[in-house]
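Beneath this line is the structure, given in structure tokens, with notes to follow.
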Amino acid sequence: MPELPEVETIRAQLAPRLVGRRVTGIEIRDPLLVEPADPARVVSALQGRRIEAVERRGKYLLCALDSGATLALHLRMTGRLHWRAGEPAPGEERFLRALVRLDDGATVSFGDQRRFGRMRVVPAGTDPAEYWAGRLGIEPLGDAFTARRLAELMAGRAAAIKTVLLDQSLIAGLGNMYADEALFAARVHPARPAGSLSDAEYRALHRAIRKRLRVAIAAGGASIDSYRDGLGQPGRMQELLLVHRRAGEPCPRCGTIILKRTLGQRATYWCPRCQPDPAGGPAHAGTPEGTRRDHEGVSR
DNA sequence: ATTTTCCCCTGCCGGC
DNA sequence: TGCCGGCAGGGGAAAA
């Protein structure tokens, strides 16, 4: 699923191809895609406009227009953006929701199998991310995100650290996959109360978050399910994942079998030896209950 | 104020 | 072969 590294990969590919181009046409094929539900408004806001910048905030992609307005997109679960030098071949895009045409003959398609993705036009003079999301947290790769800041954000929270890492109003851009990866790299059990880590653990987690995100960006994102980059190509990060979607496989660090459980409505993967649960009972292999159905370790 | 639960969507996959 | 339940998870709203 597109998280920060996947959106950043797409942004980096689209920016040089879109900036300076003018929109010559836009087709909204799925009214559900636009918010508020008024496709005509999106069309009129885009038609004839020149794209001045393509940026990212959290998991949002932001296209600044010469009108001062911004086209904001969120891919959610299965959204894809695909730039092509020309028109997509008939039938090439199976779940096409929208198509944008540019003045150099290129097109950008928005495909989305599950129709959770959204786009909206943010009026001039408004912070696009704030306008849409209400409040977005700190950029985990920005300079302002320090270990101390992370500790402050987590302070006093009793909810599981994994769940809190997914809260976009605190840190913007982490999703289920990279939360698992960062916690493993930092050797922190995902169910630990968010405010209960030691200073050393917050430092390790801070480092791990940035490291895993950077590795993922360098690898062009993770094509676990339907993710493709801005040119339709799969990423390589799925091969570099440490624990996520690897239940039943050996831990890359110690060889212990990786476990899976549901935490906060989300599948969660961890190594019971590298990430011991201080509060929770037997973190050893052979835990009597709750692990019986955790044997689907088929990925790749 | 924080935390938890439910819901939105649809393709895919394993089981029967 | 085909139907069916379960699963995937970002995010927002509602409930606790």
Side-chain angles (χ1 to χ4, degrees), chain A residues 1-8 10 29-37 56-61 72-81 91 93-98 110-120 128-137 140 152-183 190-196 213 216 221-228 237-238 241 243-248 260-269 292-300:
Chain A
M1 312 293 148
E3 302 179 24
L4 186 154
E6 286 73 30
V7 178
E8 178 58 28
I10 293 170
R29 300 214 183 165
D30 181 3
L32 194 58
L33 179 64
V34 299
E35 239 173 37
R56 179 194 59 75
R57 178 79 171 89
K59 301 173 192 172
Y60 291 84
L61 200 65
L73 306 129
H74 199 301
L75 301 174
R76 293 281 182 91
M77 308 288 293
T78 53
R80 290 183 187 183
L81 287 173
E93 195 71 38
R94 192 173 163 198
F95 306 107
L96 184 65
R97 306 294 177 204
F110 192 136
D112 191 0
Q113 174 188 99
R114 289 174 61 185
R115 305 173 71 201
F116 281 138
R118 295 291 183 268
M119 70 165 64
R120 75 187 306 165
E130 301 293 314
Y131 178 84
W132 192 344
R135 177 166 163 242
L136 267 191
E152 288 168 1
L153 287 169
M154 300 295 119
R157 296 181 183 276
I161 182 95
K162 157 97 183 265
T163 306
V164 178
L165 288 179
L166 295 178
D167 185 339
Q168 303 297 300
S169 72
L170 299 175
I171 301 172
L174 289 179
N176 202 39
M177 176 166 47
Y178 296 112
D180 278 355
E181 294 293 287
L183 287 166
R192 294 269 302 280
S196 73
L213 291 178
S223 292
I224 276 190
D225 290 313
S226 59
Y227 166 76
R228 292 293 182 275
M237 187 61 193
Q238 65 279 6
L241 292 179
V243 293
H244 187 75
R245 301 249 189 149
R246 293 202 185 280
K260 172 188 177 184
R261 64 173 273 203
T262 299
L263 203 164
Q265 320 283 71
R266 298 289 181 260
T268 296
Y269 302 81
R292 275 188 299 274
R293 58 191 177 79
D294 298 336
H295 295 303
E296 72 264 35
V298 259
S299 50
R300 90 177 29 230

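All of these numbers come straight from a predicted model, not from anything done at the bench. Below, read A as the first sequence line, B as the second, and so on, with proteins coming before strands; counting in each chain starts at 1.
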Which residue pairs pass the salt bridge (Lys or Arg N to Asp or Glu O under 4.0 Å) test with at least one member in residues 159-183 of chain A, sequence neighbours excluded? A:K162-A:D180

Got a sec, which residues hit salt bridge (charged side-chain N to carboxylate O under 4.0 Å, His left out) with A:E130, two or more places apart in sequence or on another chain? none

Test of understanding: with side chain to side chain contact (heavy atoms under 4.5 Å, CB included), list the residues that count as partners of A:S223, not counting sequence neighbours. A:Y227, A:R228, A:P234, A:Q238

Partners of A:K59 by salt bridge (charged side-chain N to carboxylate O under 4.0 Å, His left out), sequence neighbours excluded? none

Residues in side-chain hydrogen bond (donor to acceptor under 3.5 Å, both in side chains) with A:Q113, at least two apart? none

According to ring-ring contact (aromatic ring centres under 6.0 Å, His included), who are the partners of A:Y60, at least two apart in sequence or on a separate chain? A:H74, A:W132

Could you run down the sub-3.5 Å N/O contacts of the protein with nucleotides 3-5 of chain B?
{"residue": "B:dT3", "atom": "OP1", "partner": "A:A158", "partner atom": "N", "Å": "2.8"}
{"residue": "B:dT3", "atom": "OP1", "partner": "A:A159", "partner atom": "N", "Å": "3.4"}
{"residue": "B:dT3", "atom": "OP2", "partner": "A:R157", "partner atom": "NH1", "Å": "3.1"}

Rounding to a whole Å, what distance do you find between A:D112:CG and B:dC9:P? 12 Å

To the nearest Å, give me how far apart CG (A:L33) and C1' (B:dT10) are. 16 Å

Under a cut-off of 3.5 Å for both distances of each Watson-Crick or G-U pair, what dot-bracket string does DNA chain B give, using [ ] for crossing pairs and | for inter-strand pairs? .|||||||.|||||||

B/S/- along nucleotides 10-16 of chain C (protein heavy atoms under 4.0 Å) is BBS----

Please give, in whole Å, the distance from C:dG9 P to A:D180 CG? 9 Å

Restricting to salt bridge (charged side-chain N to carboxylate O under 4.0 Å, His left out), what partner residues turn up for A:D30, sequence neighbours left out? A:R97, A:R115

Salt bridge (charged side-chain N to carboxylate O under 4.0 Å, His left out) partners of A:R157, counting only residues at least two apart: none

Contacts of A:Q265 meeting side-chain hydrogen bond (donor to acceptor under 3.5 Å, both in side chains) (sequence neighbours excluded), chain-then-number -> none

